[in-house]
Amino acid sequence: MTKILIVSEIQNGAIREATYELVAIAQSMGGEISSLVVGGDAASDAEQMSQKGGGTVYVANDAALANYNQDAYYAAVNAAVDAVGPDLVLFSHTSAGWDVAPRIAAKLDAGIVTDCFGIAEEGGNFSFSRRIFNGKMEQKVVSSGGPVVATVQAGAVDAFDGSSEGSVTELSVTIGDTRTTFIENKSPEAQGVDLTKSDVIIAGGRSVGSPEKFEEVINPLAGILGGAVGASRPVVDAGWLPHECQVGSTGQIVAPKLYIAAGISGAIQHTAGMKGSNFIIAINKDADAPIFEVADLGVVGDLFEVVPALTKALEAAKG
Amino acid sequence: MKILVYLKQVPHQDARLDISSDGTWIEESNIKFEINSYDTYALEEALKAKDSEGAEVVVVTAGQDRVTQALRTALGMGADRAIHIKDEAVDASDVLGVAKVLAAVAKEESPDLILTGLMSEDSGFAAIGPMIGEFAGIASTTAVVGIEREGGKLTVERELEGGNLEVVEINTPCLVSVQTGINQVRYASLKGIMQAKKKTIDVKTAADLGVGDAISPKLTTEKVSVPVKGETAELVEGSTDEIAAKLAAKIKELGLL
Ligand SMILES: Cc1cc2nc3c(=O)[nH]c(=O)nc-3n(C[C@H](O)[C@H](O)[C@H](O)COP(=O)(O)OP(=O)(O)OC[C@H]3O[C@@H](n4cnc5c(N)ncnc54)[C@H](O)[C@@H]3O)c2cc1C
Ligand SMILES: Nc1ncnc2c1ncn2[C@@H]1O[C@H](COP(=O)(O)O)[C@@H](O)[C@H]1O
């Protein structure tokens, strides 16, 4: 029977939702499930994991595991791999997952597939579905023997919410000197515009092209609707707009009454920050752009024509 | 100080993508290519270090003939020399195989610092960096948006979910994968492009690097397809003015005007 090892993650004192999504995927394949829970003091998390689909749970408690540390986590995952001998090792595609999973694959001389949204098993081999080219294409990757390491996109499937009888076993992990040292966590300072307070957000993407074009094309539309200007990450990276305008998984999570996305492709890291909006209008030249999958209304067209025309129409309607 | 920068040439961000006839990748003829944007930030970080304290910057890529252009661009921006792994077997391998070959260069060069992008914009694995670190036997860290160097250590800021940051100290030599926005990337100057013509590009195969036997792929791409859309937006059609009028009416209906 296929052996699956789930590497769980603790965040704010509890097992992350994303971990239970891994459980759901593992359960759907019907293999023999084991899980690893690590932390400074993770006994109760391990207990919970064993009752919520985690199967045979290995727990590693060590002060060095209290915060994410690559060398320490690597040691713990390796110890679990030795104990389980898995065919498939599952991580979430999070900042911890993408940091350590590739190293484990290299260590095991195993194939690796990352950021998957679906995994299936057939006769001991696995197939993995994922998006490539920033979401524009889909790729199906298949294995043919040997263990595989995979990371799964957070939110790709519904989390497992059943219950089960599992067991908890202490895992002894030797953590020597680590080459990396955790210093501190920092939260972004709240400053400038708080997009989360706006009823209307007009967001522009890389294709707007320059700060001048934002002023000329995007700002007037925001102005007439009393809305705020938002942006995708490349706009902020290029320094056209300040960081507080960035919407997405590493920016602000917003849910206004109206979100207009102009020239934004709709990469998952962007939509993670705006798909909860009440009404979404997307304007994009490319009919296949993934942004249309989250939008209510879509315009396949040039933002430099559509946005000014809309601004004019609204001005006229306002009288 | 020696800094190795790994960069990949990927389809231009605005390229029209069509699926190749064998259905396992995209059609590469007739599209433009550019350096993976994440990697341009990695290169800039190396060039900044060269400007401020002096460093030899070596750029490395694996790919077909076309990638020479990416290397020329990097040399024009200020990199000192380039290594091109040109080997069809490497191009046909998987993440694991490519990482092994790229790591073999790191072992040969033993740099003080290795920089990569967080991920490639075509295959988007975000995996090759840390794998090179593992194969080369050095520490690594990912999604970095700030680097400070002092003595034998770097202090880096890693980006976490929700815009939160984690400050980590890491011993050198090490590998750092860079997130976009860490700096403002320079353009190649005319003078730089002229000088680049005299710089060398070493061309190697996996066998030259002693890893010719280690790259048969464990995973294969069975299929690339246009995503099947679930629910999708209702499209507003017509002339620009008709579209604008329909959108305006909807916004009014939402009570937002
Ligand atoms: C760890 C991580 C975190 C990230 N966090 C974020 C985040 O918080 N927020 C975020 O936004 N991104 C984030 N990203 C980046 C994300 O993956 C995408 O690269 C980014 O969202 C793309 O921005 P874009 O849509 O503006 O640009 P592109 O993807 O380049 O899209 C431009 C779009 O404009 C369209 N277009 C071009 N010209 C016109 C025109 N004249 N009229 C209309 N349409 C036009 C094109 O068809 C295309 O769809 C993150 C990435 C990673 C790896
Ligand atoms: N063929 C390649 N040649 C050189 N560097 C590469 C290559 N593929 C990936 N990389 C590097 O590894 C990083 C992560 O790529 P990936 O794991 O494919 O997302 C990229 O940003 C590059 O720095």
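A quick note: this is a predicted structure, and the numbers were derived from the prediction, not measured.
Residue contact with chain A, scored on non-hydrogen atoms closer than 4.5 Å, involves the side chain of Pro11(B) exclusively. Of the atoms belonging to Ser249(A), it is backbone heavy atoms, and not side-chain ones, that fall under 4.5 Å from chain B. Neither the backbone nor the side chain of Asp286(A) comes within less than 4.5 Å of any heavy atom of chain B. Heavy atoms closer than 4.5 Å to chain B are found in the backbone of Asp296(A), but not in its side chain. In this structure, chain B has a heavy atom under 4.5 Å from the side chain of Val148(A), while its backbone stays farther away. For Tyr74(A), the part lying near chain B is the side chain, with the backbone staying farther off; criterion is any non-hydrogen pair under 4.5 Å. With a 4.5 Å cut-off on non-hydrogen atoms, Val200(A) touches chain B through its side chain but not through its backbone. In this structure, chain B has heavy atoms under 4.5 Å from both the backbone and the side chain of Leu297(A).
Remark: Lys186(A) engages Glu157(B) in a salt bridge, criterion side-chain N to carboxylate O under 4.0 Å. Asp14(B) has a carboxylate O that lies under 4.0 Å from a charged side-chain N of Arg206(A), or vice versa, which qualifies the two as a salt bridge. For the pair Arg130(A) and Glu222(B), the salt-bridge criterion is not met [side-chain N within less than 4.0 Å of a carboxylate O].
The closest side-chain donor-acceptor pair between Thr180(B) and Arg233(A) falls under 3.5 angstrom.
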